[in-house]
Amino acid sequence: MPPLFNRRSEIGLSPSLPPAPLALAELLVRVRQTLADRFPESYWVVAEIADLTLPRFDGAHCYLVLTDQHVTGRGAQLKAQARATIWSQRFQQLAPAFEEQTGQSLRLGLKVMLRVKVTFHEQYGLSLDVLAIDPTYTVGELARQRLLTIKKLEAKGLLDRQKELSLALGPQRLAVISSPTAAGFQDFVHQLGESPYDFAVALFPASMQGEDSPASIRAALDLIRPRRQQFDAVIIIRGGGSKTDLLAFDDYGLSAAVGSFPVPVLTGIGHERDEAVIDLAAHLSLKTPTAVAAFLTERLARLDAVFSGYAGRIRELAAAQVQDANDYLTRLARYTQQAAQGQLDQQRDALQQRIRAATVAPRAQLRQQFRQLVRIRHALPRAAGRALAGQQRRLRKFGRLLEQRFRRLHRRRREQLLRQRYHVQLLAERVLHRAELRLAHATAYRLPEAPAPIVQLLSSDGQALPLEAATPGTEVLLRLPEADLQACITARQPSPAPALPL
């Protein structure tokens, strides 16, 4: 496949013949010559520093990346970018002069006006050589940004919000935002220590210079916010510095945070002539940390003087009131003495009347008590006789009841004993009768060997008792195989004759 060439016809060339190819170096040489012919002079341009490489040693060059971006009426964003170089010798001349007139050094995000010359190199491409820097443009741009910040704060009401807060009459609980190693903080603490008043200082460390300074101070404010009830005021102090170091205090975010803070904020960041935006948003702006300490001490001194004046006036009023009270007490004492004397006379008369009444009333009461005692003495024998008669009646009744109960119990016991006696006698007779029947039966057969008697008849003292000696009324003991029985013989019956064996 043949190579593709530019198909547009050129004057004097046949469309069928392709143009002769160029070497890249030759083409770039032509570009450099064209740029040199087209831009032979230097030009003033306005751009923003998007990237910056400062010289790291003597003889080194400074390299920049310049950008230009803005929004069109249709909302489109246009952007241009170019590399630029400040050669070593020129940088040593331009940088100190720029910093002296603007108060700051070259940094990222800074808009500058530069005089540049367009250069092109076959190996490094397009570049701009910086010939000069206009510091007045940068100063004006910083002033414009500062004015824009002030207008934004004013539009949101943040410039006057701190002014509407009331500072405590004697602010002594202080939240200080500063670097702990800063000389301004040491001067502030030393100045407060020399005052005759006691201050409670709580330090919230923060970076007070550099690009991270606004964020660090806002972080310290965020730490104070939940403890705002513990402090009377917030102090932001810094021990001075160059204009470049103090540009952080023109930051919109920091100024807005100070303007919206719920506790009065006092600043003393060391500006010599100009005020920072944070000073405008604060409740009160003072030049130096020492001035802040002097203001707090002087405020307490004025309050002390006011209190001293009040104390003197109070002493005068108190002395006048004491004198009036003394006069009133003197009059009241005289009136009290007279009133007491009158009441004393009245009470003396009343007491004499009561004494007279007291001598009569006891006699009447004694007579009445004597009559009552006489009546009681006559009534006691009758009452005692009645009580004795009642007790005798109750005793006789109780005796009759006991006698009746005893008779019933005695009769019941006797009946029980008679029944038991009858049962015993009946049982004894039955046992005796059985024994006799057995005895008779045994003697009738006359066995060769008589068995042991089943029933033994014993006397009451345990001696064997013959049947012939058992008369009616005799107490006997019947010894059975199973048990011994007490019995009494009530009658004798003749035993039947034994039957003779057949």
Side-chain angles (χ1 to χ4, degrees), residues 142-178 184-185 188 191-192 195 197 199-202 204 206 208 213-240 246-306:
L142 293 176
R144 186 187 66 82
Q145 291 181 1
R146 183 176 183 274
L147 181 60
L148 181 61
T149 300
I150 294 174
K151 288 183 177 180
K152 289 172 64 177
L153 294 173
E154 186 176 6
K156 294 186 177 182
L158 297 179
L159 285 181
D160 299 326
R161 186 174 299 180
Q162 273 281 318
K163 307 296 189 300
E164 297 173 356
L165 298 178
S166 58
L167 184 63
L169 294 176
Q172 293 179 279
R173 302 177 303 168
L174 309 177
V176 180
I177 299 177
S178 180
F185 174 70
F188 176 79
Q191 184 75 13
L192 292 182
S195 67
Y197 307 105
F199 292 91
V201 178
F204 292 84
M208 305 304 290
S213 178
S216 179
I217 298 174
R218 288 200 304 270
L221 290 174
D222 293 337
L223 293 177
I224 298 173
R225 187 181 298 273
R227 299 172 53 188
R228 57 184 177 273
Q229 301 296 334
Q230 304 176 10
F231 303 106
D232 299 325
V234 177
I235 313 298
I236 301 177
I237 55 177
R238 186 187 187 280
L246 301 178
L247 285 177
F249 298 98
D250 289 338
D251 182 73
Y252 171 76
L254 176 58
S255 302
V258 170
S260 60
F261 203 71
V263 180
V265 178
L266 280 66
T267 60
I269 56 179
H271 279 286
E272 296 179 357
R273 292 184 300 273
D274 299 331
E275 284 185 327
V277 178
I278 191 177
D279 294 329
L280 300 177
H283 180 82
L284 181 64
S285 171
L286 297 160
K287 292 297 182 184
T288 60
T290 305
V292 177
F295 167 77
L296 296 174
T297 304
E298 183 181 356
R299 187 177 180 88
L300 286 177
R302 289 198 301 267
L303 183 62
D304 193 6
V306 171

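Only this structure's heavy atoms are used, side chains among them; waters, hydrogens and symmetry mates stay out. Along the sequence shown, residues carry numbers from 1.
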- prompt: What residues, two or more places apart in sequence or in another chain, satisfy side chain to side chain contact (heavy atoms under 4.5 Å, CB included) together with Arg173?
  reply: Asp232

message: Once rounded to the nearest 0.5 Å, what's the spacing between atom CG of Leu286 and atom OG1 of Thr288?
response: 7.5 Å

query: Any side-chain heavy atom of Val265 sitting closer than 4.5 Å to one from Ile236?
result: yes

field: Residue pair Leu296 / Pro171: nearest heavy atoms and the distance that separates them
entry: CD2-CG, 3.8 Å

message: Suppose the criterion is salt bridge (charged side-chain N to carboxylate O under 4.0 Å, His left out): which pairs have a residue in residues 147-165, not counting sequence neighbours?
response: none

side-chain contact (heavy atoms from CB on, under 4.5 Å) between Leu280 and Leu153, worked out: CA-CA 10 Å; Leu280 300 177; Leu153 294 173; over 6 Å; no

- line: OG1 (Thr149) and CD1 (Ile278) are apart, to the nearest 0.5 Å, by 12.5 Å

task: Under the side chain to side chain contact (heavy atoms under 4.5 Å, CB included) rule, collect the residues that match up with Ala175, sequence neighbours excluded.
output: Phe204, Ile224, Phe231, Val234

Salt bridge (Lys or Arg N to Asp or Glu O under 4.0 Å) involving Arg302 - partner list, sequence neighbours excluded: Glu298

query: Got a second to check how far Phe295's CZ is from Leu300's CG, nearest 0.5 Å?
result: 9.5 Å

Atom pair CZ (Phe249) and CG (Asp251), whose distance is rounded to the nearest 0.5 Å: 10.5 Å

- request: Output every pair passing side chain to side chain donor-acceptor pair (under 3.5 Å) with a member in residues 254-270, not counting sequence neighbours, ordered by first then second residue.
  value: Thr267-Asp279

- request: Quick one: pull up CZ in Phe261 and CG in Leu158 and give me the separation to the nearest 0.5 Å.
  value: 14.0 Å

Closest heavy-atom pair and its distance - Thr290, Gln191: CG2-OE1, 3.7 Å

field: Backbone N/O of Gly170 and side chain of Arg299: donor-acceptor pair under 3.5 Å
entry: no

- prompt: Can any side-chain N or O of Gln162 pair as donor or acceptor with the backbone N or O of Val263 at less than 3.5 Å?
  reply: yes

- line: For Leu254 and Arg218, the nearest pair of non-hydrogen atoms, with its separation, is N-NH1, 3.7 Å

field: Heavy-atom pair of closest approach, residues Leu167 and His283
entry: CB-NE2, 3.8 Å

query: Does Asp304 have any side-chain hydrogen bond (donor to acceptor under 3.5 Å, both in side chains) partners at least two apart in sequence or in another chain, and if so, which?
result: Tyr197

- prompt: How close do Pro289 and Gly184 get, heavy atom to heavy atom, and via which atoms?
  reply: CB-O, 3.4 Å

message: Restricting to non-hydrogen atoms, name the atom on Gly268 and the atom on Val292 that form the minimum distance, rounded to 0.1 Å.
response: CA-CG2, 3.9 Å

- prompt: Would Phe199 and Val176 satisfy side-chain contact (heavy atoms from CB on, under 4.5 Å), going step by step from the backbone distance to the final call?
  reply: CA-CA 12 Å; Phe199 292 91; Val176 180; over 6 Å; no

